[in-house]
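Have a look at the structure below, then the notes.
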Amino acid sequence: MKTQNTILLVINPIAGGTDKQPMINAFEKHVSQDGNQSIVYETTGDRDKEAIQKLIKEQNPDRIVVSGGDGTIREVADAIKGESIKVGLLPSGSANGLATNFDIPDNLEEQLDIALGDHFIAMDLIEINGYTCLHIADLGINAQLIKNYEKSEIRGKLGYLIQSFPTLLSSDFPFEVEIQCDDQTISEEGILVAIANANKFGTGAQINPTGKMDDGIFEVLVFKNFSIKGILETFYDDAELDPDFVKVIPCKNVRIQSKKLIAFQIDGEFIGDEQRVEAKMTPHKLNLAIPKSFRG
């Protein structure tokens with residue numbers, strides 16, 4: 001007789017501004033068809049990490065499926081550090097960078113098949129200034145854009161587009177940084193300094209073509225100037241970025257020091273204006289369900 005498993009759905013009810021009940025219904029139907037039990041937890045923004053950990057202790061789920069953006073996934077990743085629980089994704093937030101990197105499709109039924117499937121990656125996790133980072137953090141013009149976007153009333157891609165022009169016009173980049181990476185120290189000037197575990201931003205721009213999310217290292221990328229040609233090249237799958245446009249430094253530990261405060265973001269969330277950023281590869285992994293077709 002088949003053993004019944006427990007599947008926990010952690011869902012952010014306000015992510016993406018859409019009604020989540022159809023997603024909950026589809027999840028519960030999919031789980032019951034496999035002869036398993038489903039539990040649904042809706043995040044509130046108040047002590048969600050502790051609530052998720054309590055549910056895990058009480059219900060001992062075999063898998064957690066996360067419906068939300070990158071912020072919700074980070075909340076779950078923090079809650080299960082040191083655990084081997086498998087995680088699936090139903091991307092539904094305004095920032096879905098992790099799902100973009102793993103080519104998670106838009107169709108809900110396909111997402112459920114992947115999230116509850118049997119193909120996984122043991123994904124690296126980075127700790128940056130005390131925060132968990134899933135895919136990309138950065139200092140500079142992209143973080144400034146996110147900062148401006150979060151202050152605006154227009155959401156979605158249109159909101160980003162509207163904010164991009166005043167961000168470019170008002171920025172005082174480039175800026176100077178000292179980068180201490182493992183056993184080397186270098187000084188660089190640029191408009192954006194990224195700490196990348198992944199290849200792509202949530203927009204699909206491929207800023208780190210050679211990066212792998214399970215190789216035990218991350219890349220520090222210094223974008224030296226605003227190049228239309230260089231930016232357009234990031235949208236090609238076979239992108240090979242010009243070294244005059246971006247400098248790539250593989251690291252396991254890094255300290256980035258600026259002479260002035262610079263906008264800083266992690267996984268699409270503005271963190272603050274920072275002068276010093278420290279990042280290190282952690283021993284923790286996120287056992288994430290991904291498409292069988294993924295070859296990253």
Side-chain angles (χ1 to χ4, degrees), residues 49 70-71 73-84 87 97-98 101-102 121-143 146 173-202 206-224 241 243 245-288 296:
K49 176 181 173 181
D70 293 327
I73 303 166
R74 276 177 32 212
E75 193 87 54
V76 171
D78 281 335
I80 63 173
K81 275 183 180 175
E83 305 281 350
S84 58
V87 175
L98 194 62
N101 274 275
F102 286 118
I121 187 171
M123 192 187 88
D124 296 326
L125 294 174
I126 307 172
E127 182 181 305
I128 306 178
N129 284 14
Y131 295 88
T132 296
C133 175
L134 302 171
H135 58 100
I136 297 175
D138 60 65
L139 285 156
I141 199 162
N142 181 63
I146 290 171
F173 304 132
F175 55 91
E176 294 180 12
V177 290
E178 181 182 84
I179 300 170
Q180 293 183 348
C181 174
D182 298 334
D183 58 354
Q184 62 175 320
T185 301
I186 60 173
S187 295
E188 289 287 346
E189 184 179 86
I191 62 169
L192 186 152
V193 178
I195 299 167
N197 189 35
N199 304 115
K200 304 173 185 176
F201 281 130
Q206 190 159 197
I207 67 163
N208 186 28
T210 61
K212 294 186 178 297
M213 299 184 74
D214 60 349
D215 61 356
I217 63 171
F218 56 85
E219 286 74 37
V220 174
L221 306 129
V222 182
F223 289 82
K224 300 178 181 181
L241 303 185
F245 174 53
V246 58
K247 182 180 181 68
V248 182
I249 312 164
C251 294
K252 289 188 176 181
N253 297 273
V254 71
R255 185 177 71 187
I256 302 167
Q257 183 77 44
S258 169
K259 294 180 179 179
K260 61 182 180 180
L261 290 167
I262 307 293
F264 176 59
Q265 69 87 19
I266 298 177
D267 295 335
E269 177 187 355
F270 177 68
I271 301 299
D273 294 318
E274 303 286 351
Q275 277 185 273
R276 183 186 179 105
V277 172
E278 296 190 30
K280 62 181 179 181
M281 187 60 68
T282 78
H284 306 293
K285 301 281 185 177
L286 187 66
N287 294 310
L288 191 69

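These values consider heavy atoms only, across backbone and side chains, with no hydrogens, waters or symmetry-generated copies. In this chain, numbering begins with 1 at the start of the sequence shown.
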[Y] backbone acceptor or donor facing [X] side chain under 3.5 Å:
X      : Y      : result
Asp70  : Leu98  : yes
Asp267 : Cys133 : no
Arg255 : Gln180 : no
Asn253 : Asp182 : no

Could you report the tightest heavy-atom contact between [X] and [Y], atom names first, then the distance?
X      : Y      : value
Glu278 : Asn129 : N-OD1, 2.7 Å
Gln265 : Ala143 : N-CB, 3.6 Å
Leu139 : Val277 : CD1-CG2, 3.9 Å
Ala137 : Ile128 : CB-CD1, 3.6 Å
Val222 : Gly190 : CG1-CA, 4.4 Å
Asp273 : Leu261 : O-CD2, 3.4 Å

Applying side-chain contact (heavy atoms from CB on, under 4.5 Å), can you list everything that pairs with [X], at least two apart in sequence or on another chain?
X      : value
Thr210 : Asn208
Ile217 : Asp215, Glu219, Pro250, Lys252
Lys49  : Gln53, Glu75, Asp78, Ala79
Ala194 : Ile136, Asp138, Leu192, Ile207, Leu221

Between atom [atom1] of [X] and atom [atom2] of [Y], what is the distance when rounded to the nearest 0.5 Å?
X      : Y      : atom1 : atom2 : value
Ile266 : Glu127 : CD1   : CD    : 9.5 Å
Gln257 : Glu176 : CD    : CD    : 12.5 Å
Ile186 : Lys247 : CD1   : NZ    : 5.0 Å
Leu125 : Met281 : CG    : CE    : 8.5 Å
Lys280 : Ile126 : NZ    : CD1   : 12.5 Å

**Request:** Mind running side chain to side chain contact (heavy atoms under 4.5 Å, CB included) on Leu288 and Ile73 for me, showing each step along the way?
**Result:** CA-CA 11 Å; Leu288 191 69; Ile73 303 166; 5.6 Å; no

**Request:** Would you please name every residue forming a salt bridge (Lys or Arg N to Asp or Glu O under 4.0 Å) with Glu83, sequence neighbours left out?
**Result:** none

Does any non-hydrogen side-chain atom of [Y] lie less than 4.5 Å from one of [X]?
X      : Y      : value
His135 : Lys200 : no
Phe218 : Val254 : yes
Val193 : Ile262 : no

**Message:** Applying side chain to side chain contact (heavy atoms under 4.5 Å, CB included) to Ile249 and Gln184, what does each step give before you reach the verdict?
**Reply:** CA-CA 10 Å; Ile249 312 164; Gln184 62 175 320; 3.6 Å; yes

**Request:** Please identify each residue that fulfils ring-ring contact (aromatic ring centres under 6.0 Å, His included) with Phe264, with sequence neighbours left out.
**Result:** none

**Request:** Could you walk me through whether Thr282 and Lys81 pass side chain to side chain donor-acceptor pair (under 3.5 Å), step by step?
**Result:** CA-CA 10 Å; Thr282 78; Lys81 275 183 180 175; over 6 Å; no

**Item:** Partner of Met123 by side-chain contact (heavy atoms from CB on, under 4.5 Å), out of Leu134, Asn287, Asn101
**Value:** Leu134

**Message:** The test is side chain to side chain contact (heavy atoms under 4.5 Å, CB included); show your working for Phe102 and Ile121 and say whether it passes.
**Reply:** CA-CA 10 Å; Phe102 286 118; Ile121 187 171; 3.9 Å; yes

